[in-house]
Protein chains: 2
Amino acid sequence: MTMGVPMSTTNSLTADDLGSAAQRERRKRILDATYDLARDGGFDAVQMRAVADSAEVALGTLYRYFPSKIHLLVSALAREFERNEALFRKMEIPGDTAAERVIFVMKRTTRGLQGDPKLTEALTRAFMFADASVATEIHTVGMLLTSMLTRAMHPDDDHEPTDQDVAIARVIGDVWLSALVAWVTGRSTAAETGAHMETAVGLLLRD
Amino acid sequence: MTMGVPMSTTNSLTADDLGSAAQRERRKRILDATYDLARDGGFDAVQMRAVADSAEVALGTLYRYFPSKIHLLVSALAREFERNEALFRKMEIPGDTAAERVIFVMKRTTRGLQGDPKLTEALTRAFMFADASVATEIHTVGMLLTSMLTRAMHPDDDHEPTDQDVAIARVIGDVWLSALVAWVTGRSTAAETGAHMETAVGLLLRD
DNA sequence: GCCATAATAGGAACACGTTCTACGTCGTGC
DNA sequence: GCACGACGTAGAACGTGTTCCTATTATGGC
């Protein structure tokens with residue numbers, strides 16, 4: 001698996017290589033359809049034929065844009081994270097300590113997810129099931145999460161986070177993901193999820 | 001979904017309700033076949049027809065013992081964890097500090113897993129994909145992991161771990177799971193996985 | 001031993017992710 | 001205009017997880 005420059009023809013269309021307006025439009029329709037189906041019925045309801053029908057593209061076209069159901073769902077997740085991260089980037093994050101601000105960000109994000117449990121289930125499942133071929137999309141999500149957390153730790157834009165900041169952010173991200181998986185799969189309640197995250201942040205960010 | 005006493009008839013056979021010797025034997029053959037197929041070819045190679053053939057049971061029988069591929073693989077994982085936990089329970093865990101002993105346990109376990117990458121991929125994938133219907137098996141695995149870690153923190157058998165111990169153990173477990181997923185799905189190397197876990201343990205167990 | 005019932009074998013059938021084939025359409029260089 | 005190649009449509013086909021059905025075989029109570 002080489003890491004060369006992606007070919008712009010004959011390959012699946014990525015977020016970067018957007019193609020024509022018609023292609024951008026198709027891509028959006030597909031992601032919207034995915035989002036709607038996932039919100040209403042979760043992972044199982046996102047059936048490739050249903051997505052294709054709902055987005056009014058042929059099955060083969062769907063597969064040209066997203067080479068698998070997992071790519072499709074992780075791309076939808078990345079789009080949601082981008083929206084979320086943009087929101088936090090624009091707002092002032094409340095809290096006097098790093099721990100408080102981080103907890104604010106996580107709770108806010110988690111609450112958003114828990115408001116759409118089926119959607120969250122679909123996106124989380126896809127994320128956990130993704131293999132190396134989805135590395136690009138996964139990496140996008142990971143960067144956005146780390147960036148959100150380090151910004152919450154240091155709201156002053158002007159310096160880069162330290163290695164320790166990034167390490168802490170990654171651990172928090174890990175805990176968050178595990179908690180999300182436990183919640184999504186019905187193994188813990190929303191309240192337990194929140195409490196566990198608070199505990200973890202408390203352990204990691206004792207000033 | 002009630003939580004009543006499981007019916008012993010007409011339901012799938014659990015680890016507790018072992019049934020006759022012939023049934024225990026079948027269950028073992030099935031798990032052994034699963035193990036072998038997973039070790040050689042990973043998640044995709046564990047095909048229900050192949051497991052049934054290899055274990056010399058009919059497909060319907062396989063489904064009577066394990067209601068889905070995920071149940072099957074998570075049960076295999078639980079068996080492996082039980083073996084692993086028993087090993088640690090018998091041995092003296094080296095290291096002067098809690099952090100050193102925890103890292104020893106994690107590295108030893110991780111090394112074992114990384115020695116059989118395909119097997120690990122299969123088991124981890126199944127674990128991450130499991131839903132609420134696999135809660136029992138998942139819980140078994142979680143308890144074993146927490147128990148291994150708290151024992152490493154406090155090698156003296158005779159007192160129960162504190163809440164804080166359990167909280168730390170759970171966070172470490174989360175990090176470990178995330179790292180395993182990243183490794184299994186080809187998103188990080190074995191070395192990165194080890195380093196990340198050491199960092200996390202260092203952050204959580206600074207004495 | 002014999003019967004009732006549960007368990008198993010064997011395999012067809014179905015669902016959904018994925019691939020493939022055949023054909024139509026659009027847009028670009030000439 | 002028009003030929004050509006990339007793109008799109010429609011849908012068949014295939015693989016594997018899961019369900020279902022029927023006949024056969026164990027098993028346990030009498």
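In this text, all values refer to a predicted model and were calculated from it rather than measured experimentally.
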| said: Whole angstroms only, please: what is the CG-P distance between B/Leu62 and C/dG10? | reply: 14 Å
| said: Surrounding CD of A/Glu92 (heavy atoms of other residues, nucleotides or ligands, distance under 6.0 Å), is the total greater than 12? | reply: no
| field | Contact nearer the 5' end of DNA chain C, comparing A/Gln47 with A/Gly60 | value | A/Gln47
| query | Does B/Arg187 make a cation-pi contact with A/Phe127, if we ask for NZ or CZ under 6.0 Å from the ring centre and within 45° of the axis? | reply | yes
| request: Starting from C1' on D/dT19, measure out to CZ on B/Phe66 and report it in whole angstrom. | output: 19 Å
| message | Please determine whether a side-chain nitrogen or oxygen atom of A/Tyr65 lies at a distance below 4.0 Å from atom OP1 or OP2 of D/dG8. | response | yes
| query | With respect to the side chain of A/Ala58, which nucleotide from D/dT18, C/dG17, D/dA10 is positioned closest? | reply | D/dA10
| field | A/Arg49 CZ to C/dT19 C1', straight-line distance once rounded to whole Å | value | 11 Å
| request: Verify, without hydrogens or angle tests, whether B/Arg101 (side chain) and B/Gly95 (backbone) share a donor-acceptor contact under 3.5 angstrom. | output: yes
| said: Within the 4.0 Å heavy-atom criterion, would you say B/Val46 contacts the bases, only the backbone, or no part of the nucleic acid? | reply: sugar-phosphate
| query | Taking the nucleotide of DNA chain D with the closest heavy atom to each, which residue, B/Lys69 or A/Leu59, is nearer the 5' end? | reply | A/Leu59
| query | Can you check the B/Met48 CE to D/dG17 C1' distance for me, whole Å? | reply | 7 Å
| Atom-pair distance (CZ on A/Arg29; C1' on D/dG8), nearest Å | 11 Å
| note | Closest of D/dT27, C/dT19, D/dT18 to the A/Tyr63 side chain is C/dT19
| task | May I have the distance from A/Ile30 (atom CD1) to D/dC7 (atom P), rounded to whole angstrom? | result | 14 Å
| field | Side chain of A/Thr61 (C-beta onward), nearest among D/dG8, C/dT19, D/dT16 | value | D/dG8
| remark: Side-chain contact check for B/Gln23: nearest option of C/dA7, D/dT16, C/dT19 is C/dA7
| request: List the steps and the verdict of ring-ring contact (aromatic ring centres under 6.0 Å, His included) for A/Phe43 and B/Phe129. | output: CA-CA 11 Å; A/Phe43 188 87; B/Phe129 212 65; 5.5 Å; yes
| message | Below the 4.0 Å mark, does C/dT8 have OP1 or OP2 next to a side-chain nitrogen or oxygen of B/Arg26? | response | yes
| remark: Checking D/dG17, C/dT18, D/dT27 against the side chain of A/Ser68 (C-beta onward), the nearest is C/dT18
| request: Give the rounded distance in Å between these two atoms: CZ of A/Phe43 and P of C/dC16. | output: 13 Å
| remark: Rounded to whole Å, CG of A/Asp53 lies from P of C/dC16 at a distance of 13 Å
| task | Go through the steps for B/Leu31 and B/Phe66 under the test side chain to side chain contact (heavy atoms under 4.5 Å, CB included), then give the verdict. | result | CA-CA 10 Å; B/Leu31 286 176; B/Phe66 299 95; 3.8 Å; yes
| Would you say the side chain of A/Arg64 and the base of D/dT9 hold a donor-acceptor pair, judged only by whether the two atoms sit under 3.5 Å apart? | no
